[in-house]
Q: 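Mind looking over this structure? Questions follow.
First listed ligand is number 1; within each ligand, the first listed atom is number 1.
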Amino acid sequence: MRLRFAPSPTGSLHVGSARTAIMNQLVSVANNGTLILRIEDTDVSRSTEESTNAILSTLKWLGVSYGEGPFFQSSREKLYSKYIKKLISEGKAYCCFCTQEELEEMRTKQLHKHISTGYDGRCSKLSQEEVAEKISQNLPYVVRLKIPPEKLMFNDLIKGIVEFDGKLLHDIIILRSNGSPTYNLAVVVDDHEMNISHVIRGEDHVSNTPKQIAIYNALGLEAPIFAHIPLIIGADRSKLSKRHCDTAIEDYQKKGFLPEALVNYFSLLGYSHDANNEIMTLENIAKTFSFSSISKSPSMFDLKKLTWMNNQYIRMLSDKELYDKAKSFCKDIPLEEKKIKKILLLSKDQLKVLSDIKEICAPFCSYKIDWDQKKVVKLLKKERILDFLKEFIEKLEILQDFSLNSLEILFDTQLGLDSIKKRDAAQIIRFASTGKLISPPLFDTLYLLGQQEIIIRMNQFLQEVPCQEKMY
Ligand code: GLU
């Protein structure tokens, strides 16, 4: 099996393209195949080197590895022109000199007559002499492929039989007036030359497939097997866009998602699998991979699920791995490295993404605490909750040996004298001393902050928070 991933370098790697790359990798691993990377940069007005580099580095970060390439279409133009010449010499393609105005006039007339719009093939009737004459006058032209008015069909591994009416395609352009081949022509030539056996790509390309089949037919070549993966959509069922979430993989990288989590998530997106066993490496998913398990309908992107998965992967990291991976997110935290490391390891289970470490470290830095009381409205309604806090502070003020152990004993003793729930008691202490409802384990947090600091903070909190009677 020979597969290819063929991004156009017109921006950074998009979620949809990353999923296509990952699916190709998955199928390649499942079948012991070869994955080829091809950069489709024939459209010079939109392709940039910067995008190429961004795509290459994101693929590397994701762990998508290719056995051959990257090949650049921009350096293969001679090859495409050889195929185009062959098609012209066999009378299967022709030069079209129609101007923009002529094409617009043609379209207006077709619309008036209520017939399908598209090129009517008029330049295919030019004699060789007329063509030679126009070329000698330096008139700009494109090359069009003659598409016979027949049915074009392919058997898609996911969608099943797909049929198109050749009559509706009209004679497609295969060479632009600036001399560069169009996407459809270059793809066919390359997929043939590179011996691609399976084309796995997004469903947005399904309308290109009949055009490509028409080119294969004209060249007398066998088309590869196609598998079009249904699109990824947002919660409102429209095509995934920036309105829904970040769409560039780079943004996920910047937030501290782990590549393993993204690969796991996209491998299983739209793939029927055991919901109780979702944390799997690509290699494990590949062991039982089958095209028949890919859903025919679009898949909804679920950021919550991806974030959950990311947390599962963070939990699996060793302490060293976690620190190495999170280091770059800790750069601007004004704490000593040792302390950051300690907080990081203590909060491993709570990190949804690695960049959360900044927020988690915030209460440990000498920032002024902002107690957003909206967060604790319910908690403050609990009976005796502030009395509990006051009594806890009083005992803390006279505590002799401040340690993890003594803190825990103090808390338990105070709790034993009171009727409030352990969870509520812990939350009010956590909130009063950090301004947050989530932190590393409570006693570690208090211990790291230090006895004086937490006393000051908790007293300050009591001064700021209106007394319960006034509040309600
Ligand atoms: N270059 C196309 C894209 O980036 C993909 C072409 C293909 O897979 O056939 O969408």
Q: Which residue and atom name correspond to the protein heavy atom nearest atom 9 (O) of ligand 1, and how close is it?
A: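 Result for atom 9 (O) of ligand 1: R201 NH1, 2.7 Å.
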Q: Which of the numbered atoms in ligand 1 are under 4.0 angstrom from any heavy atom belonging to E40?
A: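 The list of qualifying atoms is 1 (N), 2 (C), 5 (C), 6 (C).
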Q: Would you say H205 and ligand 1 have an N/O pair spaced under 3.5 Å apart?
A: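 In this structure, H205 places an N or O atom under 3.5 Å from an N or O of ligand 1.
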Q: Backbone, side chain, both or neither: what part of S8 comes under 4.0 angstrom of ligand 1, heavy atoms only?
A: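 Both backbone and side chain of S8 come within 4.0 Å of ligand 1.
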Q: Any idea which protein heavy atom is nearest atom 5 (C) of ligand 1, and the distance to it?
A: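 Sorting protein heavy atoms by distance from atom 5 (C) of ligand 1 puts A6 O, 3.3 Å first.
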Q: Do Y94 and Y141 have ring centres separated by under 6.0 Å?
A: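 For Y94 and Y141, the ring centres are not under 6.0 Å apart.
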Q: Within this structure, what is the NZ-CG distance for the pair K327 and L354, rounded to the nearest 0.5 Å?
A: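 It is 13.5 Å, given to the nearest 0.5 Å.
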Q: Does ligand 1 have any atom that is closer than 4.0 Å to a heavy atom of Y183?
A: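 Judged by the 4.0 Å heavy-atom criterion, Y183 does count as contacting ligand 1.
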Q: When you look at NZ of K339, are more than 12 heavy atoms from neighbouring residues, nucleotides or ligands closer to it than 6.0 Å?
A: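 Buried by this count: over 12 neighbours within 6.0 Å.
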Q: How about H244 and D236: does a side-chain donor come under 3.5 Å of a side-chain acceptor?
A: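 Judged by distance alone, the side chains do pair up.
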Q: Between D319 and K341, does any side-chain N to carboxylate O distance fall below 4.0 Å?
A: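 No, D319 and K341 are not salt-bridged.
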Q: So does I343 get a backbone contact from the side chain of S347, meaning a donor-acceptor N/O pair under 3.5 Å?
A: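 Yes.
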Q: For the residue pair Q73 and R76, confirm or rule out a side-chain donor-acceptor distance under 3.5 Å.
A: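 No, no side-chain donor-acceptor pair sits under 3.5 Å.
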Q: Looking at P7, which atoms of ligand 1 are within less than 4.0 Å of one of its heavy atoms?
A: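 Taking each heavy atom of P7 in turn, ligand 1 has 4 (O) under 4.0 Å.
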Q: Return a yes/no value for V187: is any of its N or O atoms, backbone included, closer than 3.5 angstrom to an N or O of ligand 1?
A: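 N/O-N/O distance below 3.5 Å does not exist for this pair.
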Q: Out of curiosity, is R4 lining ligand 1, as in a heavy atom under 4.0 Å away?
A: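 Heavy atoms of R4 do come under 4.0 Å of ligand 1.
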